[in-house]
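Here the structure comes first, spelled out in structure tokens, and everything after it is commentary.
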Amino acid sequence: MAEPITKAWSSERLAVRLTLLFLAMATVLIGLTGVYWIQVLEPRLHADAQVNAGVLAQSHALTLADAVSEADTVRGRQRLLETMDEVLLLTDPNTDTPFILGLRLNVDYDVVRATPGTLDIQRGRTNCDACFVTRIPLYAENTRELLGVATFYSSNAFFERLKEDVRTKLFIGSGILLFALLLVWAAVAGLVRQIRTSERAAAAATRAKSEFLANMSHEIRTPMTAILGTVRLLRDTRLDEQQRDYLGTVDSSGEALLSILDDILDISKVEAGKLTLEMTNFDIETLIHGIVRLMDGRAREKGLALSYRIDEAVPACLHGDPARIRQVLLNLVGNAIKFTDVGQINIAVRPVDVPRQGRADLEFTVTDTGPGIPAEEQAQLFEQFTQADASTARKYGGSGLGLAICKRLTEAMGGSIFVDSTPKEGSTFGIKLPFTIVQQETCPEAGEPTIPETITPLRVLLADDNDINRRVTKSLLSRDGHSVTEATNGREVMEAIQDQDFDVVLMDLHMPEVDGLEAAERIRTLPELAKARVPILALTANIMRQERERCARAGMDGFVVKPFHPDTLYREIEKLRAKGD
């Protein structure tokens, strides 16, 4: 299953979280303001206003007590009514509202009512529901005799006005704070938009770079197919030593160029987030043995001994990405061979810890007897376009991308890469990776399909619009006894399929009139079953994963990247023949 490598965070998620955070803060602010007003501020203002009403009533109590003490006479009663009028006529200068709306005196069980036109206090009731009611006992000044009780009905207008002012200021302040939060959110949201725009621009630039590199790879690989194919054909002719040496130089230089192209494309895919992992079950012994078998020839050319050792505690069958592990180890072994002139190279696999609960952490190391690397130069080895010494590139060549790719791939698989080196003694490069242990019987059969010593002649339909590539590929196939029919586009492919039977179709993808993908789809819909099921191998200079997926959707059975080695082509054909059997 492919596992795309993506970023954990994105600007879109950040924008959503900031918006939710702003809404939450605004809700909390409004809620706290309302709770504070209802539970704290309004009751406190009401209590303060009630106290003030009591103080106001108390200030009139002595005057009323003095008037009540003389209420036995007509003159005294008149004075009492006048005093009550004075109390009731006291008003708030800001609103012209009386402070005291009503007054009732209980004197010797007799009720002395307020003057008409002020407040209806008939039968001891008032229509002033919101008034502050204050009862004050009246005592004689000298004897402290209880003369009666005065009930004041004080206006709440002042309290209401004060409450409204405070409430207005409170909510204005909250609104200002909310507006400030809004400004902060807008500023941050604007910054996030800028980040998002920058990310999109960077992503577009990365995509453009990836597409450019893919196109350039295609354009370079197309002539390289002819160059390397012609070199392989020439090697089978009569050559003197000097000519063979020249051809070897061309061949190795072409392979080096392809390696650099692959490195650049891998880095581009990592940066574009398009690097994928193909997780599957694999046999560790088969993987390491295949690497040694592939690299042993290069080691022998330099007189080096290449060996490997797998610890007995290493599980035989694991779940991971064998292709990416193989890519990393091939790079490390290739570097060891390149920089080692005398001695040996050893590949070792051992468990980091005791495998438990179906999990195993393994360490893969490649140890050489090369020149070694100074400690101060080891830290930069895994950076892009970097080598330990400037003279290294001049002497050995290389782009300085290999170890950077190894680091990216290892980290993508959840592991780490390290180096341990001593000048003049050698180096050890290693990776640590986590795996899932699987049952032995679920592992695929060891090894790739081998090329039989005697190749069965095949009827091959070769479709390619490039004359040189078609001629070179035909020569390689014809040399081994295969019968080759040529086609330059998808229309000719369909005509050839209708006229005769083929064992395999080698289909270039990009052809005029009808391209390889459409031709493959048409073949799969042919009414004659044998023709519809003919094996189809895609031939393309595009190595991007999307190209492989398009080929699979079109019904193709395999995928061969140009320029290809004849052995690679034969192995792919053997895979198809094995499936057919």
Side-chain angles (χ1 to χ4, degrees), residues 222 225-226 228-230 232-237 448-541 547-548 550-581:
T222 299
T225 302
L228 295 179
T230 303
R232 286 159 188 149
L233 289 171
L234 281 173
R235 279 187 163 180
D236 293 335
T237 63
E448 294 181 331
T450 57
I451 303 171
E453 295 183 4
T454 304
I455 299 176
T456 304
L458 301 174
R459 296 166 297 178
V460 180
L461 175 57
L462 173 62
D464 196 324
D465 63 323
N466 187 292
D467 293 337
I468 298 176
N469 286 346
R470 194 172 62 251
R471 187 164 63 248
V472 170
T473 304
K474 180 179 180 180
S475 298
L476 290 170
L477 294 169
S478 299
R479 180 191 63 181
D480 294 320
H482 301 295
S483 172
V484 181
T485 301
E486 299 181 52
T488 60
N489 56 57
R491 179 182 54 78
E492 294 181 4
V493 168
M494 297 306 300
E495 293 174 356
I497 287 284
Q498 296 284 2
D499 292 341
Q500 55 184 304
D501 296 328
F502 295 97
D503 297 307
V504 65
V505 178
L506 304 181
M507 185 87 75
D508 184 38
L509 298 186
H510 305 285
M511 296 185 294
E513 296 188 42
V514 178
D515 63 21
L517 294 172
E518 184 178 348
E521 291 174 348
R522 292 185 183 182
I523 290 174
R524 295 304 182 221
T525 59
L526 290 174
E528 190 174 342
L529 195 59
K531 293 182 182 295
R533 291 182 175 179
V534 62
I536 303 175
L537 277 178
L539 298 180
T540 178
E547 195 83 341
R548 294 176 181 268
R550 291 173 61 202
C551 292
R553 288 195 297 269
M556 295 186 176
D557 303 285
F559 190 95
V560 179
V561 178
K562 299 178 183 178
F564 54 82
H565 193 281
D567 289 352
T568 303
L569 179 61
Y570 297 151
R571 285 194 183 93
E572 290 298 322
I573 293 175
E574 285 301 316
K575 286 182 183 178
L576 297 183
R577 290 166 63 89
K579 289 181 180 179
D581 295 340

Minimum heavy-atom separation for [X] to [Y], with atom names?
X: Val534; Y: Arg524; value: O-NH1, 2.8 Å
X: Thr540; Y: Phe559; value: CG2-CZ, 3.2 Å
X: Cys551; Y: Ala538; value: SG-CB, 3.7 Å
X: Asp480; Y: Leu476; value: OD2-O, 3.5 Å
X: Met556; Y: Leu509; value: CE-CD2, 3.5 Å

Quick one: [atom1] on [X] to [atom2] on [Y], what's the gap to the nearest 0.5 Å?
X: Leu506; Y: Asp464; atom1: CG; atom2: CG; value: 9.5 Å
X: Ser483; Y: Asp503; atom1: OG; atom2: CG; value: 9.0 Å
X: Leu537; Y: Leu462; atom1: CG; atom2: CG; value: 11.5 Å
X: Arg491; Y: Glu495; atom1: CZ; atom2: CD; value: 5.0 Å

Would you please name every residue forming a side-chain contact (heavy atoms from CB on, under 4.5 Å) with [X], sequence neighbours left out?
X: Asp465; value: Asp508, Met511, Pro512
X: Pro527; value: none
X: Thr237; value: Leu234, Leu239

Q | Charged N-O contact under 4.0 Å between Lys531 and Asp499 | A | no
Check whether any side-chain heavy atom of [X] lies under 4.5 Å from a side-chain heavy atom of [Y], and answer yes or no.
X: Met494; Y: Leu526; result: yes
X: Phe502; Y: Val460; result: no
X: Gln500; Y: Leu461; result: no
X: Asp515; Y: His510; result: no

Only counting residues at least two apart or in another chain, list the ones meeting side-chain hydrogen bond (donor to acceptor under 3.5 Å, both in side chains) with [X].
X: Thr230; answer: none
X: Glu486; answer: Arg470, Lys474
X: Arg533; answer: none

Q: Applying side-chain contact (heavy atoms from CB on, under 4.5 Å) between Met507 and each of Val560, Val493, Leu539, report the one that passes.
A: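 Of Val560, Val493, Leu539, side-chain contact (heavy atoms from CB on, under 4.5 Å) with Met507 is met by Val493 alone.
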Q.
Main chain of Val514, side chain of Glu518: is a donor-acceptor contact present, judged purely on distance under 3.5 Å?
A. no
Q: Would you confirm whether His482, through its side chain, and Leu458, through its main-chain N or O, come within 3.5 Å as a donor-acceptor pair?
A: yes
